[in-house]
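Since the structure comes first, as structure tokens, the remarks are kept for the end.
Naming convention: chains lettered A, B, ... in sequence-line order (proteins, then strands); numbering from 1 in each chain. Just so it is clear, the structure is predicted and the values come from calculations on it, not from any experiment.
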Amino acid sequence: MLIYNSQSKKKELFIPLEENVVRIYVCGPTVYDDAHLGHARSALAFDLLRRVFKAEGYRVIFVKNFTDIDDKIINKMKETGRSLESITDEFIQSYKNDMHALGIEDADIEPKATKNLDNIIHYIETLIKKDFAYVIDDGVYFDVSRDEKYFSLSHREVADEQTQSRVESNSQKRDPKDFALWKIYHDNSLTFDSPWGKGRPGWHIECSAMIKHHLSVADKAYQIDIHGGGADLLFPHHENEACQSRCESGHELARYWMHNGFVQIDGTKMSKSLGNSFFLKDALKVYNGEVLRFYLLSSHYRANFNFNEEDLIASQKRLDKLYRLKKRLGTEKISAVNKTFKKEILESLNDDLNISSALATLDIMIASSNEHLDANPKDKAYKYEVNANLDFIKALLGIGTMDAFTYFQLGIPAKEIAKIEALIEKRDSAKKEKNYALSDEIRDTLLRQNIKIMDTPSGTQWERGE
RNA sequence: GGCGACAUAGCCAAGUGGCUAAGGCAGGAGCCUGCAAAGCUCUGAUCCCCGGUUCAAAUCCGGGUGUCGCCUCCA
């Protein structure tokens with residue numbers, strides 16, 4: 001497996017810390033609002049990574065946190081009068097529901113900041129004891145000058161004056177780049193006890209503390225194999241995490257750093273402040289989860305992804321072909337997956353998740369299967385193998401999980417289905433009587449309702465249109 | 001202002017030194033069909049521009065132009 005490491009800016013051969021085991025930590029959402037398409041893309045990228053490792057026979061320990069202490073959550077508490085837990089529970093559940101709709105399973109471990117306060121405080125104490133952090137009036141800060149490898153992850157040169165001036169700085173901080181490990185609050189907002197006074201943990205510290213507690217291996221040069229997240233987290237979040245962790249433990253945090261690209265709308269980054277963000281739950285009202293999954297998954301995870309409906313429809317049509325093949329197999333019996341097919345798909349994905357290349361192989365398999373079945377419609381052994389191929393894809397990519405007839409009837413209420421099928425019966429009898437004028441008229445009527453008719457040797461079938 | 005990424009057919013998108021530049025959507029032609037749909041076959045690119053390196057470059061180097069991102073919470 002080759003993985004593009006943001007730290008070296010190169011593809012590197014993946015070598016696990018422990019044989020046959022992969023430890024992956026991904027920065028999850030701050031749970032103050034519903035998930036948007038960007039969360040989905042990030043989650044899908046690492047879901048694919050997880051599936052590929054599993055297909056290669058690794059035991060995967062996949063950890064994704066929920067940041068449940070944050071100023072935005074505190075603000076929401078003030079606005080609504082609700083408790084922290086009621087807000088974060090709601091959005092954790094909402095996040096999970098949306099991800100499940102996309103075929104993304106829960107992480108193996110899902111730590112939360114509120115459940116790791118002791119770990120966080122202990123971690124900060126160690127950093128102070130080792131003289132990497134210092135206490136001033138408004139909190140505990142990390143002394144960046146004590147880490148000569150600071151900037152080695154994000155490759156930033158020494159920050160220029162402009163950058164420094166942009167950092168909101170406490171005059172007592174030794175360096176504007178120093179970042180908060182613990183923030184002390186004297187107001188009535190939500191706070192937690194600490195040796196330095198009531199307050200809240202800084203953002204970066206939770207990941208370092210939770211990785212150490214939940215995922216790290218001891219006595220290796222690195223604590224975990226892979227650390228992932230959105231490209232916007234590279235600096236300062238991941239740089240700070242890496243810095244804290246190497247200083248606290250003497251070991252580097254992660255051997256490989258992976259960063260996914262953004263979802264863009266009309267060529268600009270989707271973000272709340274720009275007012276162009278798209279909630280996943282709203283998208284899921286319009287598009288089936290698997291269709292959305294396939295679309296968001298279909299281009300490389302590091303590239304930016306320009307979301308638009310036209311491309312989504314094109315992507316759905318591509319998925320339709322997989323389901324049409326599934327439909328025409330007419331059996332669920334399975335033999336062994338085609339070895340060449342499996343090998344080619346895995347080779348593509350093993351190259352830093354080259355999904356485009358993998359999907360090209362899938363499309364070629366679909367076309368050649370159709371070709372073979374056109375010539376040999378009754379070749380059962382062949383059908384079993386194609387079934388096995390589709391089953392392999394289902395586990396690896398999470399597509400083709402539905403019954404084919406269900407797939408083509410998505411979004412059509414049962415009442416409509418009965419009406420459609422009644423019309424099709426009527427058309428069938430008209431056809432038998434060679435009353436083509438009537439049968440074509442019925443077909444046109446259905447087409448106007450976005451229902452496509454197809455006459456096949458095994459009877460008339462229908463599908464929803466776009 | 002500093003740093004970085006990207007630029008491949010109408011659209012989406014692989015390929016990063018060497019046979020005919022993957023695959024999908026859209027379009028065109030054909031086979032099939034009562035006619036369609038579906039499926040299959042055929043069909044489209046001097047790889048942003050200008051220089052350079054090389055026997056050979058979409059692929060490496062330099063310079064442009066353009067788009068986007070990070071530097072502030074962010075997936």
Side-chain angles (χ1 to χ4, degrees), chain A residues 6 9 11 26-30 32-33 35-46 67 70-72 151 154-168 203 228-237 239 259-264 267-273 277 295 298-306 308 310-321 324-325 327-328 348 351 354-364 366-375 431 434-437 439-440 443-444 446-447 451-456 460-463 465:
Chain A
S6 306
K9 300 187 186 183
K11 283 186 197 174
V26 176
C27 286
T30 302
Y32 68 103
D33 209 344
H36 55 66
L37 291 173
H39 291 107
R41 178 153 160 84
S42 179
L44 281 166
F46 294 105
T67 296
D70 178 273
D71 288 350
K72 291 187 287 294
F151 290 132
S154 63
H155 302 291
R156 234 149 261 277
E157 300 305 314
V158 175
D160 60 27
E161 281 175 29
Q162 180 133 7
T163 300
Q164 292 184 17
S165 71
R166 289 180 69 169
V167 177
E168 214 175 297
W203 175 35
D232 47 356
L233 298 181
L234 181 59
F235 188 87
H237 185 53
E239 187 72 62
H259 293 94
N260 63 275
F262 298 115
V263 174
Q264 306 186 318
T268 58
K269 179 180 171 181
M270 196 182 76
S271 84
K272 283 224 159 144
S273 49
S277 71
Y295 174 51
S298 63
S299 78
H300 190 83
Y301 75 94
R302 276 190 283 122
N304 285 338
F305 190 100
N306 199 16
N308 69 80
E310 243 176 275
D311 293 345
L312 193 155
I313 298 291
S315 168
Q316 184 185 59
K317 287 181 177 172
R318 197 177 187 181
L319 185 59
D320 286 353
K321 293 175 78 158
R324 276 195 203 102
L325 174 61
K327 192 165 69 172
R328 85 182 279 195
S348 295
D351 182 9
N354 189 338
I355 188 73
S356 296
S357 172
L359 292 179
T361 303
L362 173 61
D363 284 325
I364 289 165
I366 291 172
S368 65
S369 297
N370 277 318
E371 191 184 359
H372 184 94
L373 291 169
D374 282 351
K431 265 184 67 184
K434 297 204 189 299
N435 185 352
Y436 294 124
S439 71
D440 289 355
R443 184 169 64 197
D444 288 345
L446 286 166
L447 201 56
I451 300 298
K452 286 196 292 194
I453 293 280
M454 34 202 59
D455 295 324
T456 78
T460 307
Q461 297 188 349
W462 65 273
E463 297 178 358

With A:H237, which residues qualify under ring pair (Phe, Tyr, Trp, His ring centres under 6.0 Å), at least two apart?
-> A:W203, A:H204
With side chains defined as the heavy atoms from C-beta onward, is the minimum distance between A:F235 and A:F151 less than 4.5 Å?
-> yes
A:K452 side chain, from C-beta outward: closest of B:A38, B:C11, B:A75 = B:A38
Check whether any side-chain heavy atom of A:R318 sits under 4.5 Å from a side-chain heavy atom of A:D363, and report yes or no.
-> yes
Mind checking who B:A21 pairs with, Watson-Crick or G-U wobble, both distances under 3.5 Å?
-> none
May I ask you to say what A:G230 touches in the nucleic acid, namely base, sugar-phosphate or nothing, with a heavy-atom cut-off under 4.0 Å?
-> sugar-phosphate
Whole angstrom is fine here: how far is it from NZ in A:K327 over to C1' in B:A38?
-> 8 Å
Using atom P of each nucleotide, how far apart are B:C70 and B:A29 to the nearest Å?
-> 46 Å
Roughly, in whole Å, what's the span from NE2 in A:H259 to P in B:C71?
-> 12 Å
Using a cut-off of less than 4.0 Å, is there contact between a side-chain N or O of A:R302 and OP1 or OP2 of B:A5?
-> no
If the P atom of B:C55 is compared with that of B:C50, how far apart are they to the nearest Å?
-> 23 Å
Between A:G38 and A:V263, what is the shortest heavy-atom contact and its length?
-> CA-CG2, 3.9 Å
Under 4.0 angstrom, heavy atoms only, what part of the nucleic acid is A:V263 near: base, sugar-phosphate, or nothing?
-> base
Between A:L373 and A:R328, is any pair of side-chain heavy atoms under 4.5 Å apart?
-> yes
A:M454 has an atom CE; how far is it from atom P of B:A38, in whole Å?
-> 6 Å
Between A:I451 (CD1) and B:A37 (C1'), how many Å, whole number?
-> 13 Å
Protein proximity profile, nucleotides 30-35 of chain B - base contact B, sugar-phosphate-only contact S, no contact -, cut-off 4.0 Å on heavy atoms = ----BB
Residues passing the ring pair (Phe, Tyr, Trp, His ring centres under 6.0 Å) test with A:F305, sequence neighbours excluded, are A:Y295
Take atom C1' in B:G10 and the same atom in B:G27, then report the distance between them in whole Å.
-> 9 Å
Look at all strands and tell whether A:N260 reaches a base, only sugar-phosphate, or nothing, counting heavy atoms closer than 4.0 Å.
-> base
What integer number of Å spans the P atoms of B:A45 and B:C40?
-> 23 Å
Once you round to the nearest 0.5 Å, how far does OG of A:S299 lie from CD1 of A:I355?
-> 9.5 Å
Contact class for A:L362 (heavy atom, under 4.0 Å): base, sugar-phosphate, or nothing?
-> nothing
Within less than 4.0 Å of OP1 or OP2 of B:C12, is there a side-chain N or O belonging to A:N306?
-> no
Working to the nearest 0.5 Å, report the span between CG of A:L362 and CG of A:L319.
-> 9.5 Å
Can you check whether A:I453 reaches A:Q461 side chain to side chain, under 4.5 Å on heavy atoms?
-> no
Could you please spell out the steps behind the side chain to side chain contact (heavy atoms under 4.5 Å, CB included) verdict for A:R156 and A:E239?
-> CA-CA 10 Å; A:R156 234 149 261 277; A:E239 187 72 62; 5.9 Å; no
Is there a Watson-Crick or G-U wobble partner for B:G39 with both distances under 3.5 Å, and which nucleotide is it?
-> B:C31
Please list each protein N or O that sits under 3.5 Å from an N or O in nucleotides 22-25 of chain B, with the distance.
unit_1	atom_1	unit_2	atom_2	d
B:G23	O2'	A:R318	NH2	3.1
B:G23	O2'	A:D363	OD2	2.6
B:G24	O4'	A:R318	NE	3.4
B:C25	OP1	A:K321	NZ	3.3

Using the test salt bridge (charged side-chain N to carboxylate O under 4.0 Å, His left out), find all partners of A:K452 that sit at least two apart in sequence or belong to another chain.
-> none
Residues passing the salt bridge (charged side-chain N to carboxylate O under 4.0 Å, His left out) test with A:D33, sequence neighbours excluded, are A:K272
Residues in salt bridge (charged side-chain N to carboxylate O under 4.0 Å, His left out) with A:K269, at least two apart?
-> A:D232
Across all chains, not counting sequence neighbours, the salt bridge (charged side-chain N to carboxylate O under 4.0 Å, His left out) partners of A:R41 are none
On a whole-Å scale, what distance lies between the P atoms belonging to B:A7 and B:C49?
-> 13 Å
Could you state the atom-to-atom distance from CZ of A:F305 to P of B:C11 in whole Å?
-> 17 Å
Could you tell me whether the side chains of A:H259 and A:S6 share a donor-acceptor contact shorter than 3.5 Å?
-> yes
What protein N or O atoms touch nucleotides 16-21 of chain B N or O atoms at under 3.5 angstrom, if any, and at what distances?
none

Whole-Å distance between B:G4 C1' and A:F151 CZ?
-> 14 Å
Pairs under 3.5 Å (N/O, protein and nucleotides 58-61 of chain B):
none

Taken to the nearest 0.5 Å, the spacing of A:R324 CZ from A:I366 CD1 works out to 10.5 Å
Spacing of the P atoms in B:G23 and B:U41 (rounded, Å) = 11 Å
With A:N354, which residues qualify under side-chain hydrogen bond (donor to acceptor under 3.5 Å, both in side chains), at least two apart?
-> none
Whichever of A:D351 and A:E463 has its nearest RNA chain B nucleotide further upstream toward 5' | A:D351
Check every strand shown and say whether A:R324 touches a base, only sugar-phosphate, or nothing at a heavy-atom separation below 4.0 Å.
-> sugar-phosphate
Comparing nearest nucleotides in RNA chain B, the 5'-proximal residue of the pair A:S368, A:H300 is A:H300
Euclidean distance for P, B:A58 against B:C42 (whole angstrom) | 26 Å
Between atom CG in A:L233 and atom C1' in B:A75, what is the gap in whole Å?
-> 6 Å
Protein-nucleic acid N or O pairs under 3.5 Å, nucleotides 67-70 of chain B:
unit_1	atom_1	unit_2	atom_2	d
B:C68	O2'	A:Q264	NE2	2.8
B:C68	O2'	A:N304	ND2	3.3
B:G69	OP1	A:K269	N	2.8
B:C70	OP1	A:K269	NZ	2.3
B:C70	O2'	A:R156	NH2	3.2

Interatomic distance at P, B:C31 relative to B:A14, whole Å | 37 Å
Check: A:Q264 and A:M270 side chains under 4.5 Å, non-hydrogen atoms | no
Could you work out which one of B:A75, B:A14, B:A38 sits closest to the side chain of A:H36?
-> B:A75
Here the distance between atom C1' of B:A37 and atom CG of A:D320, to the nearest Å, is 13 Å
Close side-chain approach of A:M454 and A:E463, heavy atoms under 4.5 Å = yes
